[in-house]
Each structure stands twice: as structure tokens, then as C-alpha cells.
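First up is the structure itself, then whatever we jot down about it.
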Protein chains: 2
Amino acid sequence: MTRDGYKALTMSGLAKSLNVAPSALYNHVGSKQDLLLLIEDSLMGRVDVSAFIDQPWEEAVHTWAHSYRDVFSSHVPLIPVIALLPVTNAPQTLLMYEAVTEGFLRAGWPSERIIDAIVALESFIYGSAYDVNAPDDIFAPGDLAATAPTFTAAVARRSNPGQLSDAHAAFSLGLQAMIAGLAATVDHP
Amino acid sequence: MTRDGYKALTMSGLAKSLNVAPSALYNHVGSKQDLLLLIEDSLMGRVDVSAFIDQPWEEAVHTWAHSYRDVFSSHVPLIPVIALLPVTNAPQTLLMYEAVTEGFLRAGWPSERIIDAIVALESFIYGSAYDVNAPDDIFAPGDLAATAPTFTAAVARRSNPGQLSDAHAAFSLGLQAMIAGLAATVDHP
DNA sequence: ACCTGAACACCGTTCAAGT
DNA sequence: ACCTGAACACCGTTCAAGT
């Protein structure tokens, strides 16, 4: 279904791969938006929330965030859909949020701040999912390198200790920072 | 130009608002993608980087991130474009990165980590720009509330001290956490 | 209940023809 | 150099007609 990237995720494309007329799809789904919601919800079921059961909060958020980003980095066209559509009638999505909320509560988070913390983490995750798909030369300054010498030098010196890709290194750094920062917030609010 | 949200940002729509045939646009721009890049670059020029000149790093990142998010939260359809397209030949964008990089260097950041830190912050900013446009009832669980009681309770208890909107509260929390976490990273790496 | 086929109102883009 | 108008290959969606 995701064979051809998302080029194929068109009503006619999907219809063709099912050997059916495009209009036939509307017997099973109200609109394309509906279809995307269905796919999105099934993907949410693949996000790993198991660490919230028995791991310390920092560990659990780390595992969850990595899994969440990995699932959606192969499905970037769905990000606007998840980011903007209500969770109503999305059972897997609700189960995911339920497990995460329970983990936060168990770690001693005040319930009034939990949703904000989850939303903040998700914002970072969605943005990072885009970043995974960025081309390697996204920061190549081209003809105008002379205009931004300091930046150009920093791009050239960018390096990560392990064998991580650039996107992975940025995600790791940001996630570690956000987890540490959030933990500090909840300790002395 | 942004009058009708982004409904109007279609080649035919733009052509009509210029009282010209759609095909005439291709005398001035190679493709729609090109046009979006032009708009994106001009928006980058509106991001406030002035605080990097004379403010402490934490302050400067705070001001910059807020401005960055505000500029692009009114232009969400451009986010996939910024997130995935090279900065080549985008002069305003390069100037923005140059100012930010200089600010990081001045604050004592090691040059190999600066780009990763900027990318992490940007990922959070892009995700947050989406969130600003999310409907108020995005977490309304609907019929399935019983499936996720803890989450439903947390959503109901969500509250922010000031008069901030939900999206703003989540952005504030996340930004503060990330800034504090990044600062800690650079102090003892 | 589920399908087809024609139709509609759109997209972005190309290209010959004009001035 | 810049425009028009027709054309092309697509979109998502509707709807009468079939089984």
C-alpha cells in the first residue's frame, strides 16, 4: 500500500491497485480524508508504548518518542492529517494516548500539565519525522555561501560522535534536551 | 495574497487575482514549487533574529523561536516546503541561519553541535506551527471516551495558569524545556 | 450491498500563436 | 519579453444505472 511512496495514495491509484473503479471506493469510505484517518489510526497502533508500563519515565518517553517518529517518518504525508484532525473515533490513537497519560501520572506528573507536555513532545516528533526525509544537501548554501560564512562553516563542521545520520543526531540531541528539561519542570514547577 | 487562507494559493487562483491567464505565470516562475520557495524565503526575512546580537542565549532563542513559529503558523502549507527543500538560492533564509549560528557561537557552543541544535529547535517549531492551527476539540474522545478514561480526565483537567491558548501553553512548556535541556548539554557535554 | 461509467469542477503544466 | 487560449494528464467526488 505504501509501495510507491505516497505517489500511489490517490483515490484512482488505490482503486487501480484493487482492480476496481475509483467511484467504488466511496461505498466503503466517505472521503479521502476518512481514508487517511483510517490509515493514521492503524499506524498509531504500531507506536510502542510498552515502556510506560515498567520503565522509568525518562526511559519510557525515549522509547515511545523514537518509535513514534519511526512510524511516521515513513508516512510524512499523513502528518498534517494527524496534527490537525480530532482523535474522535480513532480507537488505536486513543489507546496510545491512554497508555502515555498513565505513564506520566505514574511518574508523578500533575494532571493539568500532562496534555501540554505530550503535545510539546508530539510537535517535536512530527517536525523530526519531516526532517528524516530531508535531502542530505538541505543546508548546501550554493552560490550564496559567501553571504553566510559562519553558518557555512558550522554546516561543514557538523559531526556526530557515533555513526548516526544527521537527522538522527539532531533528533537525539533534541529529545534528550526536552526530556531533561521537562523532568526539571516537574520536579520544581 | 494570503487573504483566503491558502485556498487561493493555486496557480489559477493567483493568476485570477493578478487578472492574467494561468499560463502567463510560467514566464516569471519555473513551477509552483519555485513560487513557494520564493514566498518561503521572503517569510524567513520576517523572522526576528535581532535578540541574538545583544541578548543572552536563552533569551535570544526564546525570542527567535516565538517569532519563527508565529510567522509560519499562518502559513502551514509551506511547512513541508521549508522542511524538505535545500536552502540553496534562498538569501533571506541564509541570513537567518547566519545570525542564529553567530548567536550560538557567541554563547560558547561548540561548532560541531550547532546545526544539530538548530535542527532540533526547528523541528519543534514546525510541529508547533501545525498545532496552532489544530481545532479546539482535537482531543475530544467522542464515543470512545470510556476506552481511555485516564486520558479523557487529563484532557478535562488541562489548564494553563495565564490566559494562554492551549497551543501556546504547550509551546511555552516545550520551548522552555528544550532551551534548559540544551543549555545543560552545552555546559557539561 | 456493491459495482461501473460518465460527468463535473478542479489541479499544474506545455506549447503554438499572437503583440 | 510577455501574454492568450487550447490542450493534456491528472485530481476528488457525484450520481444514475446496473447486478
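Lettering of chains follows the sequences in order, A, B, ..., and the numbering in each one begins at 1.
Sorted by first then second residue, the side-chain hydrogen bond (donor to acceptor under 3.5 Å, both in side chains) pairs that include residues 142-156 of chain A, not counting sequence neighbours, are A:Thr150-B:Glu98.
With no hydrogens or angles considered, a side-chain donor-acceptor pair links B:Asp41 and B:Thr93 at under 3.5 Å. With 3.5 Å as the limit, one finds no donor-acceptor pair spanning the side chains of A:Gln92 and A:Tyr97.
Taken to the nearest 0.5 Å, the OH atom of B:Tyr126 stands 11.5 Å off from the OG atom of A:Ser128.
The nearest whole Å value for the distance from the NZ atom in A:Lys32 to the C1' atom in C:dC10 is 14 Å. A straight line from CG of A:Leu14 to C1' of D:dC11 spans 14 Å, rounded to a whole angstrom. Distance NZ (A:Lys16) to P (D:dG12): 12 Å, rounded to an integer number of Å.
Under the 6.0 Å distance and 45° angle rule, B:Arg106 does not count as a cation-pi partner of B:Phe52.
Residue B:Phe151 is tested with A:Ile114, A:Ile115, A:Val100 for a side chain to side chain contact (heavy atoms under 4.5 Å, CB included); the sole match is A:Ile115.
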Extract from the structure each pairing of a protein N or O with an N or O of nucleotides 2-6 of chain C at less than 3.5 Å, listing the distance.
{"from": "C:dC3", "atom 1": "OP2", "to": "A:His28", "atom 2": "NE2", "distance (Å)": "3.4"}
{"from": "C:dT4", "atom 1": "OP2", "to": "A:Ala21", "atom 2": "N", "distance (Å)": "2.7"}
{"from": "C:dG5", "atom 1": "O6", "to": "A:Ser23", "atom 2": "OG", "distance (Å)": "2.5"}

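Between B:Phe72 and B:Tyr68, the ring-plane angle classifies as tilted under the 30° and 60° cut-offs.
Stem list for DNA chain C (at least 3 consecutive Watson-Crick or G-U pairs, distances under 3.5 Å): C:4-8 with D:12-16, C:12-16 with D:4-8.
Contact between the side-chain N/O atoms of B:Thr10 and the OP1/OP2 oxygens of C:dG12 is found at a separation under 4.0 Å.
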